[in-house]
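These notes concern the structure reproduced below.
For the numbers below, each heavy atom of this structure counts, side chains included, while hydrogens, waters and symmetry mates do not.
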Amino acid sequence: QEQVVESGGGLVHPGGSLRLSCAASGRIDTILIMGWFRQAPGKQRELVASITPSGKENYADSVKGRFTISRDNAKKTVHLQMNSLKPEDTAVYYCNVAGTAGTSWGQGTQVTVSS
């Protein structure tokens with residue numbers, strides 16, 4: 001029952017950086033985990049990174065060392081700092097919030113990496 005809104009996508013050259021932000025609001029529940037997924041045309045949606053309220057992070061192998069996820073528990077926000085972007089990172093990125101009341105998804109933000 002949470003409302004989830006993403007921002008920060010755009011077009012960037014290979015090697016560039018973007019910072020995605022996600023804000024959750026609505027009914028208060030216990031957040032279990034927050035994360036970012038992405039889906040490229042013709043491909044399955046895949047987990048990019050996740051973080052628990054205690055700060056435990058998990059990353060897909062393809063983004064390790066380049067992406068960093070962070071969270072502000074008080075503001076119920078999660079961010080994804082994306083550095084050294086590659087064309088294969090091009091996708092729609094979705095914020096996901098999983099809590100005791102269920103799972104909520106944002107509408108997605110487009111990230112395009114192209115020269």
- Task: Consider only side-chain heavy atoms of I, L, V, M, F, W and Y, link residues closer than 4.5 Å, and tell whether Tyr94 and Tyr59 are in one cluster.
- Result: no

- In the single-linkage hydrophobic clustering (I, L, V, M, F, W, Y; side-chain heavy atoms under 4.5 Å), do Val4 and Phe37 co-cluster? no

- Message: So which atom in Val78 and which in Cys95 form the shortest heavy-atom distance, rounded to 0.1 Å?
- Response: CG1-SG, 3.7 Å

- Note on the structure: Separation between CH2 (Trp36) and OG1 (Thr109), nearest 0.5 Å, reads 7.0 Å

- Rounded to the nearest 0.5 Å, how far apart are CD of Gln81 and OG of Ser70? 8.5 Å

- Task: Measure the acute angle between the ring planes of Tyr93 and Phe67, then classify it against the limits of 30° and 60° as parallel, tilted or perpendicular.
- Result: tilted

- Distance from Asn96 atom CG to Glu6 atom CD, nearest 0.5 Å? 10.0 Å

- Message: Between Lys64 and Asp61 (salt bridge meaning N to carboxylate O under 4.0 Å), is one present in this structure?
- Response: yes

- Message: Distance check, rounded to the nearest 0.5 Å: Asn83 atom CG versus Thr68 atom OG1?
- Response: 6.5 Å

- Message: Working note: Asp72 + Thr77, criterion side chain to side chain donor-acceptor pair (under 3.5 Å); need CA distance, chi angles, decisive distance, verdict.
- Response: CA-CA 5 Å; Asp72 185 328; Thr77 59; 4.8 Å; no

- Message: Could you report the tightest heavy-atom contact between Pro14 and Ser115, atom names first, then the distance?
- Response: CD-N, 3.7 Å

- Message: Show the nearest heavy-atom pair for residues Ser17 and Ser84, with the distance to one decimal.
- Response: OG-N, 4.3 Å

- Stepwise, does the side-chain contact (heavy atoms from CB on, under 4.5 Å) test hold for Arg38 with Arg45? CA-CA 6 Å; Arg38 68 185 181 187; Arg45 186 173 297 187; over 6 Å; no

- Item | Verify same cluster id: Trp105, Val92 (apolar side-chain graph, 4.5 Å) | yes

- Message: Let's go through Arg66 and Lys86 carefully: what are the C-alpha distance in whole Å and the side-chain angles of both, what is the deciding distance for side-chain contact (heavy atoms from CB on, under 4.5 Å) to 0.1 Å, and is it a yes or a no?
- Response: CA-CA 10 Å; Arg66 300 188 297 119; Lys86 304 175 180 180; 3.8 Å; yes

- Message: Please evaluate residues Thr100 and Leu32 with respect to the criterion side-chain contact (heavy atoms from CB on, under 4.5 Å), reporting the C-alpha separation (whole Å), side-chain torsions for both, the decisive distance (0.1 Å), and the verdict.
- Response: CA-CA 7 Å; Thr100 54; Leu32 301 177; 4.2 Å; yes

- Flag, side chain of Thr112 to backbone of Leu11, donor-acceptor distance under 3.5 Å: no

- Message: For Glu88, I'd like to know if atom CD has over 12 heavy atoms of other residues, nucleotides or ligands within 6.0 Å.
- Response: yes

- To the nearest 0.5 Å, how far apart are CG in Leu85 and OG1 in Thr90? 8.5 Å

- Item | Closest non-hydrogen atom pair, Thr103 against Ala98 | OG1-CB, 4.0 Å

- Least distance between heavy atoms, Leu80 atom then Ala49 atom: CD1-CB, 4.1 Å

- Message: A side-chain contact here means heavy atoms from C-beta on lying under 4.5 Å apart; do Thr52 and Asn58 qualify?
- Response: no

- Audit row: Met82, Asp89, side-chain contact (heavy atoms from CB on, under 4.5 Å) steps and yes/no: CA-CA 10 Å; Met82 306 186 295; Asp89 295 318; over 6 Å; no

- Item | Euclidean distance, Ser7 OG relative to His79 NE2, rounded to 0.5 Å | 9.0 Å

